[in-house]
Each structure stands twice: as structure tokens, then as C-alpha cells.
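For ligands, and for the atoms within them, numbers begin at 1 and follow the listed sequence. Computation of the quantities below employed the complete heavy-atom set of this structure, encompassing side-chain atoms and omitting hydrogens, waters and symmetry-equivalent molecules. Note that the numbering runs from 1 along the sequence shown for the chain.
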Amino acid sequence: MYKAFRPLIYLFEPEQIHHLTITLLGLSGRIPPVAALLRALFRSHQSGPEVQCCGLSFINPLGMAAGYDKDGYGWRGLACLGFGHVEVGTVTPRPQPGNPPPRVYRLVEDRAIINRMGFNNRGAEYLARQLKGRRPENLIIGVNIGKNKITPLEEANQDYLSLLRTFAPLADYLAVNISSPNTPDLRSLQSRAALEDLLRPLAAEKVLQAQLLGRNVPVLVKLAPDLDDHELEDALGVILEHNMDGVIINNTSLARPVLQSPFAHESGGLSGAPISVLSLSMVRKVSRFLNGRIPIIASGGVMNVADVQARLDAGASLVQVYTGLIYEGPGLVKQILDGGLRIR
Ligand SMILES: Cc1cc2nc3c(=O)[nH]c(=O)nc-3n(C[C@H](O)[C@H](O)[C@H](O)COP(=O)(O)O)c2cc1C
């Protein structure tokens, strides 16, 4: 059905379709009979497999990756599609417009996207309002946090700290995004010294929040797929030393494998099918290094059930999709879960 509509969808700019979809998902999730209809349409024949990760219970391993619902408007609708978790954001402390459009490209021939959005979002206050109120049963909500573009890099940890304080009471887990390629120099926070300076105060604040809230709010770190082995091991070492709860492997890539689309040379982060091999090999590498000490959430090039199973087999506890949903449509989650996932 979705595939029949796809040529029509492609007549519009990716961002226009995105706004429309988020609005429809947001409205559907707020109108109980429509939400019930969506849930019935997209209900999987298989329940689970349930996953315990970071001290949380996920009804299944599939999640919506960050950046799709940046402002937390559509997560109630996304939950109706069958996701076990939805990661909202990236949110920054203050609202910001992001980079000038056009800033998202569909690479249809490659089943990929290049984006250079630059953390366009309505800011922490807006997102916090969207997260208050009733939650759909069993939905895990992650909040992905980032720094404002105008915040100098040396002051980045103030942004992350204020976001941790704001969202710890509202989120099931937090994801520290230091790997978007579209905020100048953000990725340099992945280097050993910068990451230590960032994670030390965050780790202390996490302990404080746990005391205040009476529960541990897991903090995960999302890394880039473009780190070399040495940089990756350095970053993982610091993440372990500072008691972070997990890693998200990975964000979009600056690499440009052989691509067919005329948009292949646009600047920004590449996602979708062309980063699938890169991302899977990074999950394997990280899994070998971590050896089960903290969990991995896989993100990158997940387009079908085989991609999900490969990541679970490689050691990921949870698997997120973004670009796959754009190409396969809202039935993707049901399709994957009906495929029958096996947890190690
Ligand atoms: C248009 C777009 C916007 C994104 N925005 C964010 C973001 O704000 N924060 C983030 O951590 N990742 C963001 N991502 C990265 C995704 O969360 C995901 O990690 C990446 O796309 C790889 O997964 P995929 O190949 O399944 O798309 C974005 C991706 C796309 C395509």
C-alpha cells in the first residue's frame, strides 16, 4: 500500500512530507479511536521478544531512532506503529532553526538519505511539555540531548548538564549526542580528553538525579561510525570509566561509498542502506571490546528483518530504524516483528 503511494510522496520535498507525517502521527496518537485503529492495523502477530536493557523492560527490541521526532510531537502515534521505544530529540537547551533548507535529500537509487539539519528544534521547554501526561502502556521514551550551535565547545557540558537535569525526571533514558556531523566541531567531543571533561560532570549529576528521583536514569552515548579503531577504543574506554549505561552505535556517516543518486555529493550525514555494512561491523567491533559490560543499541542501515537479526546476533540489545521507515513505510515494524526475531 505504502509502496503504491511512494511516487506521490516523492513529488514533495522530504521535509514537507516529514512535517505532514509528524503532524498526522501526533494527531492520531492524541485521538483515542484513531490511535486504537492504528494499533490494530500495525499490530504484530508475534508479541515480543521482550528485552531487558539498562534496567528497563522493552516490549520488543525495535526503536525509532533520534531525529525523526525532534520536538516530541509525534511519539504517541509512533508508539501505535509497534515500536518498543522512541528516542525523541535531539533537543538543545534553547530553540534553534538549524541549517538553511534544502537540508535533507532522498537518495532513492541508493535507499539512503543525506541530511544536514543541524539540530533544528523548539528547545527543551517545548519538548518537556510534550513529554508530560499519560504514556502509552509499555512505551520506553529516550531523550537525545545536544548542544546549541552558539554554545562554545568549551561550555558544551553546561548545555548537556542542564538537559540532563530537565529530562531525567521525564525520560526513561537519555542519549548524549556527540556524533552529529552537522553541528560544527561537535564530533571533537568524542576525543579522549574532551569526552572525559564532558562525562565527568554528567556522571556526577546522574548519581545526584538517581538520589532525587529514586531511580537510575540510564545515560547512553551515541557515537559516529567514522571513528578509527584507536579513537573508538579511546571513546569506549572513557564511557566505561565514567559509568555510562550504554552506547548507541551509530549516527550518520560522512563517508561516501559508491552511490548512484545525483545527490550523492551533498554535504551532511549519510544514512540508510549504504551504511549498513559499516554500521554492522562497528557493532561487532564495539561488542568485542565491551564484552557485555554495557549494552549496545544498534542504529544505521537497518532496512529489513535480516538487518535487525544481524545486529542482535552481533551483540546489540536493541535496534533502531530511521531511513528504513522512510523507504519501507509505517508497516516496517510489524513486518520485522512478524519475521520472528531471535534474542541471543
Ligand atoms: C533526517 C535525519 C535527521 C536526524 N537527526 C538526528 C538527530 O537529531 N539526532 C541524532 O542523534 N541522530 C539523528 N539522525 C540519525 C539517526 O538517528 C540514525 O542514527 C541514522 O540515520 C542511522 O540510522 P538509519 O540508517 O536507520 O537512518 C538523523 C537522521 C536523519 C536521516
Side-chain angles (χ1 to χ4, degrees), residues 13-19 21-22 62-72 78 83 85-92 96 98-99 101-107 110-122 127 142-149 160 163 173-183 186-187 189-190 220-226 247-255 257 263 266 268-280 282-283 296-304 307-308 311 316 318-328 332-333 336:
E13 287 291 316
E15 261 201 84
Q16 283 177 316
I17 292 293
H18 183 251
H19 280 304
T21 315
I22 282 287
L62 283 186
M64 179 74 237
Y68 189 79
D69 188 14
K70 287 179 190 283
D71 295 313
L78 284 166
F83 286 111
H85 73 282
V86 174
E87 193 171 307
V88 298
T90 296
V91 61
T92 57
Q96 62 177 30
N99 293 320
R103 51 191 181 178
V104 189
Y105 298 88
R106 273 188 217 105
L107 283 66
D110 305 296
R111 298 205 302 147
I113 292 175
I114 289 178
N115 94 82
R116 49 171 181 270
M117 305 286 277
F119 293 170
N120 55 305
N121 78 105
R122 297 185 188 214
L127 177 60
V143 176
N144 182 302
I145 58 178
K147 71 176 266 303
N148 274 111
K149 185 179 177 182
Y160 287 97
L163 290 164
Y173 75 86
L174 298 169
V176 177
N177 183 2
I178 45 172
S179 49
S180 165
N182 302 313
T183 294
L186 186 80
R187 284 181 165 199
L189 294 175
Q190 297 173 114
L220 291 82
V221 181
K222 186 167 180 179
L223 297 174
D226 307 319
V247 285
I248 304 179
I249 305 295
N250 45 254
N251 214 311
T252 56
S253 177
L254 287 172
F263 299 121
E266 288 295 337
L270 177 68
S271 59
I275 67 162
S276 193
V277 171
L278 173 69
S279 183
L280 178 57
M282 186 165 174
V283 170
I296 301 169
I297 301 185
S299 158
V302 174
M303 312 300 279
N304 53 42
D307 291 334
V308 178
R311 281 144 184 83
L318 301 166
V319 180
Q320 298 182 334
V321 296
Y322 190 135
T323 307
L325 196 71
I326 308 298
Y327 284 97
E328 298 303 321
L332 180 65
V333 182
I336 290 172

_Residues Tyr327 and Arg106: side-chain donor-acceptor under 3.5 angstrom_ = no
_Listed partners of Glu13 passing side-chain contact (heavy atoms from CB on, under 4.5 Å), at least two apart_ = Gln16
*Can you name the residues that form a salt bridge (charged side-chain N to carboxylate O under 4.0 Å, His left out) with Asp307, not counting sequence neighbours?*
none
N/O pairs closer than 3.5 Å, ligand 1 and protein:
unit_1, atom_1, unit_2, atom_2, d
ligand 1, 5 (N), Lys70, NZ, 3.3
ligand 1, 8 (O), Lys70, NZ, 2.9
ligand 1, 8 (O), Thr90, N, 3.4
ligand 1, 8 (O), Thr90, OG1, 3.3
ligand 1, 9 (N), Thr90, OG1, 2.7
ligand 1, 9 (N), Asn177, ND2, 3.3
ligand 1, 11 (O), Asn144, ND2, 3.0
ligand 1, 11 (O), Asn177, ND2, 3.0
ligand 1, 11 (O), Lys222, NZ, 3.0
ligand 1, 12 (N), Lys222, NZ, 3.1
ligand 1, 14 (N), Ala66, O, 3.4
ligand 1, 17 (O), Ala66, N, 3.4
ligand 1, 17 (O), Ala66, O, 2.7
ligand 1, 17 (O), Lys222, NZ, 2.9
ligand 1, 19 (O), Lys222, NZ, 3.0
ligand 1, 19 (O), Asn250, O, 3.1
ligand 1, 19 (O), Ser299, OG, 2.7
ligand 1, 23 (O), Gly300, N, 3.4
ligand 1, 25 (O), Gly272, N, 2.8
ligand 1, 25 (O), Gly301, N, 2.7
ligand 1, 26 (O), Tyr322, N, 3.2
ligand 1, 27 (O), Thr323, N, 2.9
ligand 1, 27 (O), Thr323, OG1, 2.5

*Do Lys70 and Thr90 have side chains that get closer than 4.5 Å, going by heavy atoms?*
no
_Sidechain-backbone polar pair: Asn251 side chain, Pro181 backbone, donor-acceptor under 3.5 Å_ = no
*In chain order, what residues pass the salt bridge (charged side-chain N to carboxylate O under 4.0 Å, His left out) check against Asp71, with sequence neighbours excluded?*
Arg122
